[in-house]
Amino acid sequence: MPRHPVAPTPSQRLLRVYAFDPSRGVRLQNQLTIRIPFEDLAKGPVGRKVAVIDYDASNACYYEGIKLDSPAVLVQNGLEPSETNPQFHQQMVYAIAMETIRRFETALGREVRWKRDRSRADTAFHGKLKIYPHAMQEANAYYDPRLRALLFGYFRASREYAGSNLPGQVVFTCLSHDIIVHETTHAILDGIRELFIEPTGPDAPAFHEGFADIVALLQHFSFKESLLDTIQRTGGFIHRRQLTADVRAESSGPMIQAEIGEDNPMVDLARQFGEAMGYRKALRNALGTQPDPRALAAAFEPHDRGAILVAAVFDAFFSVYVNRTRDLVRMAYPDGRSVVPNFLHADLANRLADEASMTAARIQNMCLRALDYCPPVDITFGDYLRALVTADRDSQLEDDFGYRAALINAFRARGIRPEGVFSYGEDALNWEPYQPTALDKSIPDFARLWQDVNQLEEQSEGEHDEATKQLYQRLWGKADTFSLQLGLAQGQEVWAKSLNTIHRVRPDGSLQRQIVAELVQTRDVPILKDDPASPTFKFRGGTTLVINRQGDVRYSIAKAFLGQAGDDRLARQRDYLSQMAASFALAPYVPFDHQRDIGFYGIHRGY
Amino acid sequence: MADIRIRMYRTGFGDCFLLSFGPSASARHILIDFGAHTHGEIGTMDAVMNDIESTTGRRIDLIVATHLHRDHISGFGKFAARFAAFTIGEVWRPWMDKPGDPDADELNRKHLALYAALERHFAAAPGAGVYAATARDALVNLTGNEKATSELGRAFGTGAKVEYLRAGDSRSTVAGITGLSAEVLGPPADKKFLSRMNPPSDQRFLAPPGEPSTDVHPFPGYELKEAEQDFTQAVTEGQPKVPDDDLPLLVENATAPVDRLALFLDNARNNTSLVILFRYHGKALLFPGDAQWGNWQSWIGTDMARQLLAEVDFIKLSHHGSENATPVDVVHALRANELRAMVSTQVVPFPTIPRVPLLQAVQAHCVDDVVIRSDWVPVANAPAAPPPVPGLPAGFIAGPVWIDCFL
């Protein structure tokens, strides 16, 4: 008999972090206590999904890892935010990486899995994402797929113009909330669609960047204190770039801080980093420039091009938010007066904040869920729009509040045109529902796959690997038999890239279960069509299957591998690679290597 | 006949073009660049200088120094005293070379700092990086230009006007030569261009090689070195260690790719090149210096640019015919035939230059399908062009250290 009731294992761990980054100071809105799922942690911290290893390769030294489970740390919700304590940095990268993972898992309805770990099972940290909070001295942070790690750099701020930083002070990229979310998102995306890091066209690398920015920026709208501040100081127009000063300055100009306006932190990405680099502003902004359908044709650099995707999503977000809150504003100002910043009734400000964070959460869910409806390779912004529309219609046919309409309009305004679609109508954008070819009566039936999946879920971790292998083999065989019906090239090897089961609660409360599987075909082709001796690259096609509970294929979202459509894709990919080779800065002297120079790693390390 | 003669001298790996307009007795002259790469000189500089003097009678209406690379300006330093005896009308340089321009000063200072750091680096570890040898050859091109630079800045003391130009500038009459106009197409001066010119701002490049430690120690009191007792203690308490297989990659990530930085610097300087389109009695001549992608990109791609390129009768291929110095879009936009193209080039010191497929692509647009190479001029002990060397088409005549093109 126990002598007392046993305390339950906690479900959450509370940890303090910076809401933005240290440059916003210690004001109330800049500190956040976030709740992440509780897990037992080793020193580092090292948990089930991530391992924080504080090794500094520039100084060839370690910084001792934090024990988040030690009582002194636990009782105060983690260490206090500090620039000078490396252990707080470890706490912050762990907390925000886990928070980002949690958000993906909630939206996707399944566990986040990293890109497959090809190292031996007994290698240290096998299967975990490694995080190096002080990896090197460099004004950069990136996800390195080769290491399966996030690398955060530190550097001295510009000595000429450092914004709110001390000129020459040390700036840590691992203390920027935005940067941590951005890099973690790269890693998660790489786990979901591993082939998106291949440079298959201008949109592919740009999608990775834009998507990571979208996730980081949407996060801001869950920070209640900052959101309220922004709502007050913009009169509810949270998309505005500037916040009004707390009080108005005299005509001679501001004399005290309260009279100085500042940039709206909600729409800025990584401000400290941007200022420390001497850009005089945040690294990037949610809305960027005015919508221009021609801008897409001129933007090649992945971050620039990705910014167009970011702007489209945020245009939709802010438009829906404005629509949803017009009634509140009319009730508060029935005589049609315009809202005066800093003079909003607290109740109104609160309601606006609720609407903003709800809208942000919904948009975020849409953006994350759409990933499952993307083709396995060669993503374009147009594909993503179709995936957004299809995924959302799949869970909710009614477009209440006009989310989908707002997204479609925002994409259209920026010249993002899905290929092979007749109009921007919702039903035209929806991926074509799967229809087996009329020639063949045999319809692929994946009911057996469901049985396997169910069995797999009942097995213990140890038996898992073998069962997974069998599962994949089954999928493989199926794909081979039905290659024609699934839109795959016949007689070409099929590679089952991933298989995920999804459990989702629809807005109406019903449960939706689906299997999403990626099937890929690959062949080596020379970059130059007429020169078989030129360097080769891997040309891929394939399809994403969305399979319902009955084992029927609902969608086969394909990228053609052979035939006319496949040849067109191949030609475009070749053009892209040659164009990249031509614009490569070192081209005169260094033979161009597309893997190295415009691969994921090259973009972040390239000069 | 528009009475234009374009004389391409063979200086080795370098540029030197003398343009003469009008009947020979009263011809007016423009000199575009005069230099040779330290490791690409072939001993013809004196002969070239002598010919410039005798051909022009020491009277040049315009000297253009497209950018501050040794292989384009070394002659102006070497023969400064002789140029001082010339009558010179004007000197044109890119805006990036203008002393006192705040944007230019800032960038130049950054480039110099990076250059100095790289030079120290290569001095200490000559083999650093995969492309170390190439990188050093590219870097050396930036050095020893002080004399040429300052002499150009004061027009050799001749009192000639020095102008600093940028994309968008134009002259309806160039240096008083009747019928000759010019449009400046590059370099641009907009923010986007400037940001591309910005070197990666990392102080760690200032650290001498072979010493992983750099100037920033973020937590000086808390560094745990692997050999130390404290570290062993931490490990027994569960301190996570980098997996052995990952360590080399982590170190590589933290190490500056110096060779690539050196090439970046070279690229940035090339992109400061003046790109000028001259027009004379209905003929259009394009001189893009060493413009590479970043410079071209600022103006190609519009309908106007395509039309302009289609009108070009003569093109000097940029950057010795290297890859990315004449974008595919430019080649496609050039007139389909009857184009005249020259390239001042040589296979030493950079084996990847000129890029043969590029020359072949341009050839298809040219008179007799030939792009004229400067290294077809035979010079004793100088690297020869790979055979076959075709005969010159009509309108081209070879001289002792040059080839003339008549338009």
Side-chain angles (χ1 to χ4, degrees), chain A residues 42-44 46 51-65 67 84-86 119 123-125 130 132 134-140 144 146-147 149 151 154-156 158 160 170 172 277-278 298 528 531 578-579 581-592 605-607, chain B residues 106 131 134-135 138 199-204 212-219 222-226 230-231 234 237-243 245-247 249-251 253-255 257 260-261 263-264 266-268 270 292-294 297 301 319-320 322-325 327-328 350 352-353 355 357:
Chain A
K43 193 183 183 116
V46 176
V52 179
I53 308 168
D54 208 348
Y55 178 71
D56 176 346
S58 291
N59 286 313
C61 71
Y62 282 89
Y63 308 110
E64 192 157 350
K67 278 185 177 158
T84 52
N85 184 350
S119 66
T123 315
F125 315 116
K130 286 161 277 189
Y132 295 93
H134 308 103
M136 70 255 156
Q137 188 192 325
E138 182 176 335
N140 203 351
D144 189 332
R146 303 172 304 171
L147 283 165
L151 277 66
Y154 58 87
F155 61 104
R156 271 193 205 288
S158 162
E160 292 114 45
V170 181
F172 297 96
M277 294 294 282
L528 299 174
D531 181 5
S578 344
Q579 186 168 16
S583 61
F584 177 52
L586 316 184
Y589 311 111
V590 177
F592 179 72
R605 291 282 296 177
Y607 295 108
Chain B
E106 188 180 333
Y131 306 109
T134 307
S201 67
D202 289 295
Q203 298 80 6
R204 67 207 170 98
S213 195
T214 57
D215 67 330
V216 181
H217 289 262
F219 315 107
Y222 299 114
E223 295 184 0
L224 285 177
K225 301 275 180 186
E226 231 172 307
D230 281 349
F231 181 73
E237 288 167 18
Q239 170 69 29
K241 277 180 69 176
V242 178
D245 290 349
D246 290 359
L247 198 59
L249 266 181
L250 277 176
V251 172
N253 277 343
T255 313
R260 313 191 110 215
L261 273 170
L263 296 175
F264 162 86
D266 175 75
N267 176 274
N270 281 339
Q292 281 176 244
W293 173 262
Q297 201 195 17
H319 196 222
H320 322 289
S322 79
E323 171 153 28
N324 113 346
V328 180
F350 302 106
T352 50
I353 299 179
R355 182 158 166 81

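Values reported hereafter were calculated over all heavy atoms of this structure, with side chains retained and with hydrogens, waters and symmetry mates removed. Source: prediction; values computed, not measured. Residue numbering restarts at 1 for every chain, and letters A, B, ... go by the order of the sequence lines.
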d(A/Cys61 SG, B/Lys225 NZ) to nearest 0.5 Å is 5.0 Å
| request: Please round to the nearest 0.5 Å and tell me the distance separating atom CD of A/Gln137 and atom NE2 of B/His217. | output: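 Rounded to the nearest 0.5 Å, the CD-NE2 separation comes to 8.5 Å.
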**Request:** Name the member of A/Asp56, A/Val170, A/Leu147 that forms the most heavy-atom pairs with chain B at distances under 4.5 Å.
**Result:**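 Counting heavy-atom pairs under 4.5 Å, the top option is A/Leu147.
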Among A/Ala124, A/Gly44, A/Pro86, residue most engaged with chain B (heavy-atom pairs, under 4.5 Å):
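The option with the most such pairs is A/Pro86.
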Report yes or no: does A/Glu138 contribute a side-chain atom to a donor-acceptor pair with the main-chain N or O of A/Phe155 at less than 3.5 Å?
-> no
**Q.** Full working for side-chain contact (heavy atoms from CB on, under 4.5 Å) between A/Leu151 and A/Met136
**A.** CA-CA 8 Å; A/Leu151 277 66; A/Met136 70 255 156; 4.2 Å; yes
Go through the atoms of [X] and report whether side chain, backbone, both or neither lie under 4.5 Å from a heavy atom of chain A.
| X | result |
| --- | --- |
| B/His319 | side chain |
| B/Asp245 | neither |
| B/Val242 | both |
| B/Phe350 | side chain |
| B/Glu223 | both |
| B/Ala234 | both |
| B/Phe231 | side chain |

_Tell me which of these, B/Val328, B/Val251, B/Asp230, B/Asp246, has more heavy-atom pairs under 4.5 Å with chain A than the rest._
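Highest number of heavy-atom pairs under 4.5 Å: B/Asp246.
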Max heavy-atom pairs within cutoff under 4.5 Å with chain A, candidates B/Ala268, B/Pro243, B/Pro218, goes to B/Pro218
TODO: State, with a plain yes or no, whether a side-chain heavy atom of B/Asn253 is found less than 4.5 Å away from one of A/Arg146.
DONE: yes
Report task. Determine whether B/Leu247 and A/Tyr55 make a side-chain contact, defined as any pair of heavy atoms from C-beta on separated by less than 4.5 Å. Result ->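 The answer is yes, as the side chains (C-beta and beyond) meet within the 4.5 Å cut-off.
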With A/Lys43 via salt bridge (charged side-chain N to carboxylate O under 4.0 Å, His left out) - residues at least two apart: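 For A/Lys43 the salt bridge (charged side-chain N to carboxylate O under 4.0 Å, His left out) partners, ignoring immediate neighbours, are A/Glu64, B/Glu237.
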Worksheet entry | B/Pro240: side-chain contact (heavy atoms from CB on, under 4.5 Å) partners, not counting sequence neighbours |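 B/Pro240 satisfies side-chain contact (heavy atoms from CB on, under 4.5 Å) with A/Val46, A/Ile53, A/Phe125 once adjacent residues are dropped.
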